[in-house]
Amino acid sequence: MSEIKTQLVVLGAGPGGYSAAFRAADLGIETVIVDARDTLGGVCLNVGCIPSKALLHVAKVIDDAKDMASHGVEFGEPKIDLDKVRSWKDKVVGQLTKGLDGMSKMRKVKHVQGYGKFTGANELVAEDNDGNKTTIKFDHAIIAAGSEPVKLPFIPHDDERVIDSTGALEMKDIPEKMLVLGGGIIGLEMGTVYRALGSEVEVVEFLDQLVPAADKDVIKVYQKFVKDKFNVMLETKVTDVEAKDDGLYVSFEGKNAPKEPVRYDKVLVAVGRTPNGNRIDADKAGVKVTDKGFIEADKQLRTNVDHIHAIGDVIGQPMLAHKAVHEGHVAAEVIAGQKHYFDPRCIPSVAYTDPEIAWVGLTEKEAKEQGVNYEAATFPWAASGRAIASARTEGMTKLIFDKDSGRVIGGAIVGINAGEMLGEIGLAIEMGADAEDVALTIHAHPTLNESIGLASEIFEGSITDMP
Ligand code: FAD
């Protein structure tokens, strides 16, 4: 057993963990980062955000190439070499994890490969893949242990035809018929990939809309666009999955449930993620963990134990990489003695589906629930020159304004590049911009971003005070 003494240990090297470690090192704190994986980057870089986007890029090019036939350019049927698709995805991941490794070395952050568990309030032990143990004694710790896919008790998860997002990203084969269990972001993104590569994809969702966190009118645009691509069974639940030699037989219950069990080649379970708070012996350090496995942290990301902070998926929703990154920075700065807080007005959410679905700040649903005196303004892309020229008029830009102040308090975009466009709305919310500020900002023509300015003009009274 070897031993290391350090000022700061970061447990988990995902976007939260590595951002915290790098910021701490930049602030002169001696830092050790521990992760069970060989590479830095956590779920996001290794089996999440990045590999999924690499595959979604492939899917988009296939779909766009097919669509070109109606504009007079035919590319013919795509020939898919799955090994090459997989190596492209692995190369993207490799490039980024290698980059992180370089940044870590540059900052002299020590990387310990191993599964870490607390053994005391100032000590944890990491066990590597070969069973070797390292004791790490620390003054401060940041728990950034992330989350894992939720498993369902009635599903034979040990059957290799039942996969989670990590299994789906492995791209072992392209099943003829695949069920995506769960109509949230991760399920839809992976469904988009497999459909473009040739699978017949069906989606089952217990609630009455896909991506339940977003507004219904926004999701309606998406659902209408994909209705010929996926069979979507809303208000329906899976009650049983029976593994037989010739496939997985799935039984359903609910509004759109098929009467008899349906055979699938693969079932992708994407019903959410569960935090890893219960797996690190946090109690031995005196850190409280909720029944669900979350660790509670205050606005300075401090747990109930003063010198132990927690960030990212393990402290709660939204489970998103960019939230973890910002929390990581604040935690490191607080440990360095700075009076910083994690207190954003808004955190963006994006489904990188086709079309993309993106929202930030208050949704209309939330504005209603909170009794806000709001007004929503929507600009349909059927009136956007750029959308028409790109043959993608299905989109919509929606802004939510506080009616009293005229300030932008939320926004959603569904359409191509929605995720890239959303930044402007996030900035407007953070800066306290009102409808006039956005409407008077000259947006380049023809861009999809123009729709944000035009939605602001729709808001009543936005340009009445123009000089
Ligand atoms: P994680 O990235 O979960 O990293 C935690 C790390 O801690 C892991 O590497 C794990 O091995 C390690 N660990 C845990 N316990 C221990 C232990 N005891 N000892 C040692 N190491 C340990 N988010 C977005 O913002 N945008 C996206 O497009 C997006 N796409 C996604 C696609 C998929 C398929 C998935 C699964 C997730 C996606 N997410 C996306 C979510 C995003 O990946 C997470 O929100 C983000 O990775 C959380 O970062 P984190 O730092 O909290 O922890």
Side-chain angles (χ1 to χ4, degrees), residues 47 51-52 55-56 58-59 62-63 66 77-83 85-86 89 148-212 222-273 351 353-354:
V47 290
S52 59
L55 294 174
L56 279 160
V58 172
I62 294 174
D63 283 342
K66 281 187 183 159
E77 270 305 299
K79 283 192 197 126
I80 292 161
D81 180 336
L82 200 57
D83 290 337
V85 173
R86 206 181 303 111
K89 180 235 354 166
E148 296 217 328
V150 167
K151 287 187 165 47
L152 295 173
F154 54 89
I155 289 188
H157 285 278
D158 47 0
D159 189 301
E160 63 175 23
R161 294 165 298 180
V162 175
I163 52 174
D164 58 19
S165 57
T166 304
L169 288 165
E170 281 172 13
M171 295 254 110
K172 285 198 176 138
D173 57 10
I174 302 299
E176 254 174 58
K177 191 168 176 183
M178 174 160 133
L179 177 70
V180 176
L181 206 173
I185 294 180
I186 293 176
L188 291 179
E189 287 187 358
M190 292 319 303
T192 304
V193 169
Y194 275 89
R195 188 204 56 79
L197 291 174
S199 295
E200 178 190 343
V201 175
E202 302 200 333
V203 181
V204 57
E205 167 57 51
F206 177 59
L207 297 172
D208 64 354
Q209 76 169 58
L210 297 173
V211 194
Y222 174 77
Q223 279 179 201
K224 193 170 159 207
F225 188 81
V226 298
K227 77 174 188 321
D228 301 328
K229 301 178 189 264
F230 305 124
N231 174 27
V232 178
M233 297 174 267
L234 294 175
E235 295 178 76
T236 303
K237 65 178 180 184
V238 169
T239 52
D240 188 41
V241 177
E242 197 185 341
K244 293 188 182 176
D245 287 347
D246 67 333
L248 298 163
Y249 285 76
V250 181
S251 306
F252 300 90
E253 211 177 85
K255 195 168 172 189
N256 297 297
K259 290 207 167 53
E260 298 299 323
V262 181
R263 197 198 74 82
Y264 297 93
D265 299 295
K266 278 213 164 142
V267 172
L268 163 61
V269 183
V271 290
R273 297 184 61 82
T353 43
D354 187 25

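Every value quoted in this text rests on a predicted model; they were computed, and no experiment measured them. Atoms considered below: every heavy atom in the structure, side chains included; atoms not considered: hydrogens, waters and symmetry mates.
In this structure, Leu188 and Tyr222 have side chains that are in contact, with non-hydrogen atoms separated by less than 4.5 Å. In this structure the side chain of Leu181 reaches within 4.5 angstrom of the side chain of Leu152, judged on heavy atoms. Two residues are said to be in side-chain contact when any heavy atoms from C-beta on lie closer than 4.5 Å; Thr353 and Val226 fail this criterion. Side-chain contact between Ile163 and Glu170: absent, with no pair of heavy atoms (C-beta onward) separated by less than 4.5 Å. At least one side-chain heavy atom of Leu179 sits under 4.5 Å from a side-chain heavy atom of Met233. Contact annotation: the side chain of Asp158 approaches that of Pro156 to within less than 4.5 Å [non-hydrogen atoms, C-beta and beyond]. Residues Ser165 and Arg273 meet the side-chain proximity criterion, which asks for heavy atoms closer than 4.5 Å. Proximity of Glu205 to Pro212: side-chain heavy atoms (C-beta onward) are separated by under 4.5 Å at one or more points.
Residues Ser199 and Ile174 approach most closely at OG-CG2, 3.3 Å, considering heavy atoms. Between Asp173 and Tyr194, the shortest heavy-atom contact is O-CE2, 3.5 Å. Between Ala168 and Met190 the shortest heavy-atom distance is CB-CE, 3.9 Å. Among all heavy-atom pairs drawn from Glu189 and Ser52, the shortest one is OE1-OG, 3.8 Å.
Ion pair Asp208/Lys255 not flagged as a salt bridge, since none of the NZ, NE, NH1 or NH2 atoms sits closer than 4.0 Å to an Asp/Glu carboxylate oxygen. A salt bridge links Asp83 with Arg86: the distance from a Lys NZ or Arg NE/NH1/NH2 to an Asp or Glu carboxylate oxygen falls below 4.0 Å.
Rounding to the nearest 0.5 angstrom, the gap separating the CZ atom in Phe230 from the OG1 atom in Thr192 is 4.0 Å. If you take CG on Leu169 and NZ on Lys89, they are separated by 6.0 Å, rounding to the nearest 0.5 Å. Within the model, atoms CG of Asp246 and CZ of Arg263 stand 5.5 Å from one another, a figure rounded to the nearest 0.5 Å. Rounded to the nearest 0.5 angstrom, Glu235 CD and Gln209 CD are separated by 10.5 Å. If you take NZ on Lys177 and CD on Glu200, they are separated by 5.0 Å, rounding to the nearest 0.5 Å. Taking CD1 from Ile155 and CG from Leu248, the interatomic distance works out to 9.5 Å, rounded to the nearest 0.5 Å.
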Discussion item. What verdict does the side-chain contact (heavy atoms from CB on, under 4.5 Å) test give for Leu234 and Asn256, after you've listed the backbone C-alpha separation in whole Å, the side-chain angles of each residue and the deciding distance to 0.1 Å?
Written reply: CA-CA 6 Å; Leu234 294 175; Asn256 297 297; 4.3 Å; yes
Fill in: Residues Phe154, Val238; criterion side-chain contact (heavy atoms from CB on, under 4.5 Å); working and verdict
CA-CA 9 Å; Phe154 54 89; Val238 169; 3.9 Å; yes
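The main-chain N or O of Asp265 is never found under 3.5 Å from a side-chain atom of Glu176 such that the two would form a donor-acceptor pair. Here the side chain of Thr236 pairs no donor or acceptor atom with the backbone of Gly254 at under 3.5 angstrom. Asn231 places no side-chain N or O within donor-acceptor distance of the main-chain N or O of Glu202, the cut-off being under 3.5 Å.
Surrounding CZ of Phe206 are at most 12 heavy atoms belonging to other residues, nucleotides or ligands under 6.0 Å away.
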